[in-house]
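Below: the structure, in structure tokens.
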Amino acid sequence: MNKTRYYYLDALRVFLTCIVFYHHSAIAFGASGEWYNKAAVTTTGLTQALLSASMGINQSYFMSLFFFISALLMPLSFHRKGTKAFIIDRFNRLGIPLAIYFFILNPLLNYWIYGCWGGFGLGPMWFVFTLLLFELLYVVCQKLPNINIPKWNNPSTIGIISFMLISGTVAFLVRLIIPTGDSVLGLQLGYFPLYIGMYALGIVAQHNQWMDKINIKDSKPWFLLAILIGIPTMLIMMGSCRDKMDNFSGGWNMQAVFYAFWEPIMCVGISYFLLVFNKKFCNKPNRIIQKMSANSFAFYFIHPYVVVGFTFLVGLFAIAPITGLSVVCILGIPVCFIIAMIIKKCFRFIGIKL
């Protein structure tokens, strides 16, 4: 297996981590989606619609790409450490922080916001819970006979189109039962077909060393499809179906069909381009980026508190919601990285690898 250090993944991980912060901050200021609290004054009208559209674009790729990157790096760790050491490491790195957030931080955050003790919950740590399940499933599959990773030399056109069609079809069928926005044990299963698909694709990519072969030229058609067709089409659909927005979540209707197949098109186009763009321009050591990347999980772990705190802080001033969102992101992101670095060191002191 290729043991090359993927420096560009550090830059990509930092970018996606900042997108997570923006995503949740935008929801706090009026964009569509679920978050712990809303700002004192939120956006309305066109601004709110554009923010909500950006949420849809983010949702189409950012968490799926996180799963892809995790799966890309996971087999190397598993085969280097062995089964026992790998499982212990996963529970240390993922399981303990997950338990701390579920039993302590989530209830405390709700108490801070609403003045009453909130219930246990995953919050944004649903990603960590899901990742832990996926990695344990990989371990189980490695112990089963006749389990082989497909031999695909590169992501071919037929393969990419097949991935889009399968992901879209499964998503549409799942959303007939569990629409997007509905949670089961804290998990929005309506989005999971693409998460599972991208995680599986990351494993296939690692075993076939796709990262050594992909380039910007091959990604351009898919990126242009997403940007020049995918985004305008979604804006048109949103504008023409303003009284049927709930239909996008799932059901036997054209909006649900459109959204189910639109997501994988956007996911592949944007994810493919981000991977090759960072590979071309960011595939070299950078101490600052590597430090930020090393603290990205701690950032993710603590960012709800920073988003909520800065949202409260901005609410003390009479400024426009979009200005407030900008302030929260510009000040909150670097502050969150600083706090993440401190928290990681504190956790390391007590033997927890965050």
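Sequence positions, counted from 1, serve as the residue numbers for this chain.
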Task: Pair F67-F134, ring pair (Phe, Tyr, Trp, His ring centres under 6.0 Å): steps then yes or no - done: CA-CA 9 Å; F67 279 116; F134 285 178; 5.4 Å; yes

- [ ] Determine, stepwise, if the pair C282 / Y7 fulfils side-chain contact (heavy atoms from CB on, under 4.5 Å).
- [x] CA-CA 7 Å; C282 303; Y7 290 108; over 6 Å; no

TODO: For V306 and F299, run side-chain contact (heavy atoms from CB on, under 4.5 Å): C-alpha distance rounded to whole Å, both residues' side-chain angles, the deciding distance at 0.1 Å, then the answer.
DONE: CA-CA 9 Å; V306 180; F299 180 110; over 6 Å; no

Task: F127 and L187: CA distance, side-chain angles, deciding distance, side-chain contact (heavy atoms from CB on, under 4.5 Å) verdict - done: CA-CA 9 Å; F127 170 75; L187 306 176; over 6 Å; no

Open item on the list: Evaluate N106 against Y36 for side-chain hydrogen bond (donor to acceptor under 3.5 Å, both in side chains), listing each step before the verdict.
Closed with: CA-CA 10 Å; N106 190 78; Y36 286 98; 2.5 Å; yes

Task: Derivation and outcome, side-chain contact (heavy atoms from CB on, under 4.5 Å), residues E34 and Q188 - done: CA-CA 11 Å; E34 296 182 3; Q188 293 198 28; 4.1 Å; yes

Open item on the list: Between Y199 and F68, does the ring pair (Phe, Tyr, Trp, His ring centres under 6.0 Å) criterion hold? Intermediate values first, please.
Closed with: CA-CA 5 Å; Y199 189 82; F68 179 89; 9.6 Å; no

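A 4.5 Å side-chain heavy-atom check between F277 and L12 finds every atom pair outside the cut-off. A 4.5 Å side-chain heavy-atom check between F172 and W252 finds at least one atom pair inside the cut-off. Side-chain contact between L73 and R13: present, with at least one pair of heavy atoms (C-beta onward) separated by less than 4.5 Å. For the pair D218/I214, no side-chain contact is recorded, criterion being any heavy-atom separation below 4.5 Å from C-beta on. Side-chain contact between V308 and W35 is present, with at least one heavy-atom pair separated by less than 4.5 Å. Looking only at side-chain heavy atoms (C-beta outward), P124 and P304 come within less than 4.5 Å of each other. Put simply, the side chain of C336 reaches to within 4.5 Å of the side chain of I302, judged on heavy atoms. Between F337 and C18, the closest side-chain pair of non-hydrogen atoms falls below 4.5 Å.
No side-chain donor from either of N92 and D89 sits under 3.5 Å from a side-chain acceptor of the other. Between the side chains of E263 and Y259, at least one donor N or O lies within less than 3.5 Å of an accepting N or O.
Residues M341 and I100 do not share a hydrophobic cluster, clusters being chains of Ile/Leu/Val/Met/Phe/Trp/Tyr side chains in contact below 4.5 Å. Hydrophobic clustering (ILVMFWY, side-chain heavy atoms < 4.5 Å, transitive): I166 and F258 are in distinct clusters. A chain of hydrophobic side-chain contacts below 4.5 Å, direct or via other Ile, Leu, Val, Met, Phe, Trp or Tyr residues, connects L354 to F91. The hydrophobic cluster containing M266 does not contain M254, counting ILVMFWY residues as joined when their side-chain heavy atoms lie under 4.5 angstrom apart, directly or transitively. In the hydrophobic cluster analysis, where Ile, Leu, Val, Met, Phe, Trp and Tyr join through side-chain heavy atoms closer than 4.5 angstrom, V41 is grouped apart from F310.
Of the possible polar contacts, none joining the S293 side chain to the Q290 backbone as a donor-acceptor pair under 3.5 Å is found. Remark: side-chain polar atoms of Y114 are not paired, donor with acceptor, to backbone N or O of L109 under 3.5 angstrom. Of the possible donor and acceptor atoms, one in the side chain of K344 sits under 3.5 Å from a partner among the backbone N and O of A294. Judged by distance alone, the side chain of T42 and the main-chain N or O of A39 form no donor-acceptor pair under 3.5 Å. With hydrogens and angles disregarded, a donor-acceptor distance shorter than 3.5 Å links the side chain of N215 to the backbone of K217. With hydrogens and angles ignored, the 3.5 Å screen pairs a side-chain donor or acceptor of S25 with a backbone N or O of F21.
Within a 6.0 Å sphere centred on CE of M245, other residues, nucleotides and ligands contribute more than 12 heavy atoms. Atom NZ of K220 sits in a sparse spot, with 12 or fewer heavy atoms from other residues, nucleotides or ligands closer than 6.0 Å. Heavy atoms from other residues, nucleotides or ligands lying under 6.0 Å from OH of Y111 number 12 at most. Summarising the local packing, CG of L316 is surrounded by more than 12 heavy atoms from other residues, nucleotides or ligands at distances under 6.0 Å. In the displayed structure, K38 atom NZ is contacted under 6.0 Å by more than 12 heavy atoms of other residues, nucleotides or ligands. The environment of I288 atom CD1 is sparse: at most 12 non-hydrogen atoms of other residues, nucleotides or ligands sit within 6.0 angstrom. Open room surrounds NZ on K291; 12 or fewer heavy atoms of other groups in view lie less than 6.0 Å from it. Counting non-hydrogen atoms of other residues, nucleotides and ligands closer than 6.0 Å to CD1 of I350 gives a total above 12.
Nearest heavy-atom pair across V204 and W152 is CG1-CE3, 3.5 Å. The two residues L194 and C267 come nearest to each other via the heavy atoms CD2-CB, 3.7 Å. Nearest heavy-atom pair across I27 and G33 is CG2-O, 3.4 Å. When all heavy atoms of N283 and Y8 are compared, the closest pair comes out as OD1-CD2, 3.2 Å. Closest non-hydrogen pair, P264 versus A260, comes out as CD-O, 3.0 Å. Minimum interatomic distance between P334 and C329 (heavy atoms only, all atoms of both residues): CD-O, 4.1 Å.
Distance check: L51 CG to L46 CG gives 9.5 Å after rounding to the nearest 0.5 Å. Separation of atoms CG (L108) and CZ (F103) is listed at 13.5 Å; rounding is to 0.5 Å. One finds the CD atom of E135 at 7.0 Å from the OG atom of S70 (value rounded to the nearest 0.5 Å). To the nearest 0.5 Å, the span separating OG on S219 from NZ on K280 amounts to 11.0 Å. N58 CG to I19 CD1: the interatomic distance, rounded to the nearest 0.5 Å, is 5.5 Å. Atom CD1 of I333 is separated from atom OG1 of T17 by 9.5 Å, given to the nearest 0.5 angstrom.
Aromatic ring centres of F62 and F66 lie farther apart than the 6.0 Å criterion allows. Ring-centre distance between F301 and F347: below the 6.0 Å cut-off.
Relative orientation of the F192 and W126 rings is tilted, given thresholds of 30° and 60° on the angle between their planes. Using the six-membered ring where Trp is involved, Y138 and H207 have ring planes that are tilted, between 30° and 60° apart.
Applying the side-chain hydrogen bond (donor to acceptor under 3.5 Å, both in side chains) rule to Y22 yields the partners S54; only residues at least two apart in sequence or on another chain are considered.
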